There are 2 protein chains.
Amino acid sequence: MKHTLNKNKQEILQAAQKQCLKHDLRFTSKRSNVLQLMLHENKPLSAYDIMADYKTQYNQSISAVSVYRMLDFLIHAQLVHKLASSSQYIVCSHITCHHAHETPQLLICDTCHQVEEIGIGTLLTSELEANIAATGFKLQHQQLELHGVCSSCQKLH
Amino acid sequence: MKHTLNKNKQEILQAAQKQCLKHDLRFTSKRSNVLQLMLHENKPLSAYDIMADYKTQYNQSISAVSVYRMLDFLIHAQLVHKLASSSQYIVCSHITCHHAHETPQLLICDTCHQVEEIGIGTLLTSELEANIAATGFKLQHQQLELHGVCSSCQKLH
DNA sequence: ACACAAATGTAATGTTATAACATTTCATCC
DNA sequence: GGATGAAATGTTATAACATTACATTTGTGT
Ligand SMILES: [Zn+2]
Ligand SMILES: [Zn+2]
Ligand SMILES: [Zn+2]
Ligand SMILES: [Zn+2]
């Protein structure tokens, strides 16, 4: 089951606002609007998709630069993740979770393009880290993007 | 020590050619030239970097489209990897290895931008796979890109 | 009200990647 | 060796993604 679907949008928005306040970040109405439309779409969007959506949903033009700046903000606030492999953006699935945000691990379905964000165990993470530390490299892995086919798409064979 | 530095370029080129012949792929002179200059630079390059380099090194203009096509070819031939997180391209470190190519795992230094390609054990890979399979997702992870700081850069603290 | 910093707007441009169609190169068959 | 067809490469244009530089507006604290 999708993590984001467990909680309603209102709850997520409030948690996002709270999270921003806690870190002295301004959760402006435009930033909120962007997060809301991303929640509403519930799929990876490009910056230009968001720009177009914003225009449609709020009947107000917004520039690409502004979208990128808002995305930057939301990413730093850990409310949004960037999918490097597709240059798209998606709302974090753990906004309403109380635990600290781990290394995001994103399962990207190459068939339907839905993304599921999971948390593999810290055990596995530290194992990976140890394995790599042996080469002298110091990991800071911001994110793991894993491609494959989701369970729904598998059923449709 | 860097894997690519263990073998000389000539050996890598010959292995690349052999690998292409085996799979009925044409290792043309331009494709060879692109691979050679990538080997020579020994660092991640953008398609447009390669275009400029080609002009300089071979005194012959080449279009961006051609570079992208050659990169596509080289990627399919498993001679080159694309770094999604930086939209750059790098020669595979395992061209002269005899074993089949595993899921590439790229350690990207965020300080000096050098890339080290390793092979974490199949044990860890299958563990990761099992962990994710539990969610119903079928992995096809083409590649793992891990960011951090390499050992040289750590020494320079 | 004033001063300052943060957010957003505007315009231009840079960077990465692909589409559509023309031409050249090269292996194969006769 | 010339015809044939597929693969490679060239050419032109444009789409898609992202940033720089500078102006204006908004919001906060005094
Ligand atoms: Zn997240
Ligand atoms: Zn799917
Ligand atoms: Zn490789
Ligand atoms: Zn380094």
Side-chain angles (χ1 to χ4, degrees), chain A residues 16-17 20-38 41 43-55 58-77 79-90 108 113 145, chain B residues 16-17 20-38 41 43-55 57-77 79-90 113 145:
Chain A
Q17 186 160 23
C20 285
L21 281 175
K22 200 170 67 180
H23 294 92
D24 244 339
L25 300 170
R26 292 196 206 156
F27 192 60
T28 65
S29 62
K30 297 214 166 170
R31 287 168 177 173
S32 173
N33 285 347
V34 167
L35 191 62
Q36 275 177 263
L37 78 77
M38 290 179 78
E41 291 283 357
K43 67 179 181 194
L45 298 171
S46 75
Y48 283 80
D49 289 341
I50 292 169
M51 185 172 69
D53 256 43
Y54 198 102
K55 172 92 180 180
Y58 302 104
N59 197 36
Q60 187 187 161
S61 278
I62 192 175
S63 70
V65 196
S66 297
V67 173
Y68 279 105
R69 281 191 288 226
M70 289 168 198
L71 285 171
D72 275 353
F73 171 87
L74 294 169
I75 288 167
H76 283 122
L79 299 171
V80 162
H81 299 300
K82 173 173 184 177
L83 304 178
S85 46
S86 61
S87 296
Q88 289 176 312
Y89 304 84
I90 191 157
I108 303 163
H113 308 294
E145 290 178 33
Chain B
Q17 187 159 24
C20 286
L21 281 175
K22 199 170 66 181
H23 294 93
D24 244 338
L25 300 169
R26 292 196 204 156
F27 193 61
T28 65
S29 63
K30 297 212 167 170
R31 287 168 177 174
S32 173
N33 286 346
V34 168
L35 191 62
Q36 273 177 265
L37 78 78
M38 291 179 77
E41 291 283 357
K43 67 180 181 193
L45 298 171
S46 76
Y48 284 81
D49 289 341
I50 291 169
M51 185 174 69
D53 255 44
Y54 199 102
K55 171 93 181 179
Q57 305 226 5
Y58 303 104
N59 197 36
Q60 186 188 163
S61 279
I62 193 176
S63 71
V65 194
S66 297
V67 174
Y68 278 104
R69 281 192 287 228
M70 289 169 199
L71 285 171
D72 276 352
F73 171 88
L74 294 170
I75 288 167
H76 284 121
L79 298 171
V80 162
H81 299 301
K82 173 173 183 176
L83 304 178
S85 47
S86 62
S87 297
Q88 289 176 312
Y89 304 83
I90 191 158
H113 308 294
E145 290 178 33

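Just the heavy atoms: all of them, side chains too, but no hydrogens, waters or symmetry mates, feed the values below. Just so it is clear, the model here is predicted, and its values are computed rather than measured. Throughout, a chain's letter reflects where its sequence line sits, starting with A, and its residues are numbered from 1.
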Taking C-beta and beyond as the side chain, do [X] and [Y] meet within less than 4.5 Å on heavy atoms?
{"X": "Y54(A)", "Y": "V34(A)", "answer": "yes"}
{"X": "L45(A)", "Y": "L37(A)", "answer": "yes"}
{"X": "C20(B)", "Y": "F73(B)", "answer": "yes"}
{"X": "L35(B)", "Y": "F27(B)", "answer": "yes"}
{"X": "R31(B)", "Y": "R26(B)", "answer": "yes"}

Just to be sure I understand the rule, does [X] reach a base, reach only the sugar-phosphate, or reach nothing, if contact means heavy atoms closer than 4.0 Å?
{"X": "Y89(B)", "result": "sugar-phosphate"}
{"X": "S87(A)", "result": "sugar-phosphate"}
{"X": "T28(A)", "result": "sugar-phosphate"}

Considering only [options], which nucleotide approaches the side chain of [X] most closely?
{"X": "R26(A)", "options": "dG27(D), dT10(C), dA18(D)", "result": "dG27(D)"}
{"X": "Q60(B)", "options": "dG9(C), dG10(D), dA6(C)", "result": "dG10(D)"}
{"X": "R31(B)", "options": "dA8(D), dC17(D), dA17(C)", "result": "dA8(D)"}
{"X": "V65(B)", "options": "dT8(C), dT9(D), dT11(D)", "result": "dT11(D)"}

Legend entry - Nearest non-hydrogen partners of M51(B) and A64(B), listed with the distance: SD-N, 3.4 Å

Inset, instruction - Could you say whether L25(B) or Y68(A) is positioned toward the 5' end of DNA chain D, judged by the nucleotide with the nearest heavy atom to each? - result: L25(B)

Inset, instruction - By nearest nucleotide on DNA chain D, pick out whichever of R69(A) and S66(B) is the more 5' one. - result: S66(B)

Atom-pair distance ([atom1] on [X]; [atom2] on [N]), nearest Å:
{"X": "L71(A)", "N": "dA18(D)", "atom1": "CG", "atom2": "P", "answer": "9 Å"}
{"X": "K30(B)", "N": "dC26(C)", "atom1": "NZ", "atom2": "P", "answer": "10 Å"}
{"X": "N33(A)", "N": "dA7(C)", "atom1": "CG", "atom2": "P", "answer": "16 Å"}
{"X": "D24(B)", "N": "dA7(D)", "atom1": "CG", "atom2": "C1'", "answer": "12 Å"}
{"X": "L74(A)", "N": "dT8(C)", "atom1": "CG", "atom2": "P", "answer": "10 Å"}
{"X": "F73(A)", "N": "dA6(C)", "atom1": "CZ", "atom2": "C1'", "answer": "11 Å"}
{"X": "K55(B)", "N": "dG10(D)", "atom1": "NZ", "atom2": "P", "answer": "13 Å"}
{"X": "D72(A)", "N": "dA7(C)", "atom1": "CG", "atom2": "C1'", "answer": "13 Å"}

Inset, instruction - Say whether, by atom type as modelled, one donor and one acceptor occur between the side chain of D49(A) and the main chain of S46(A) under 3.5 angstrom. - result: yes

Legend entry - Donor-acceptor pair, side chain of E145(B) and main chain of A84(B), under 3.5 angstrom: yes

Inset, instruction - Could you identify which residues of residues 43-51 of chain A place a heavy atom less than 4.0 Å from some atom of DNA chain D, listed by residue number, or say none? - result: S46(A), Y48(A)

Inset, instruction - Check whether any side-chain nitrogen or oxygen of K82(A) sits under 4.0 Å from OP1 or OP2 of dC17(D), and answer yes or no. - result: no

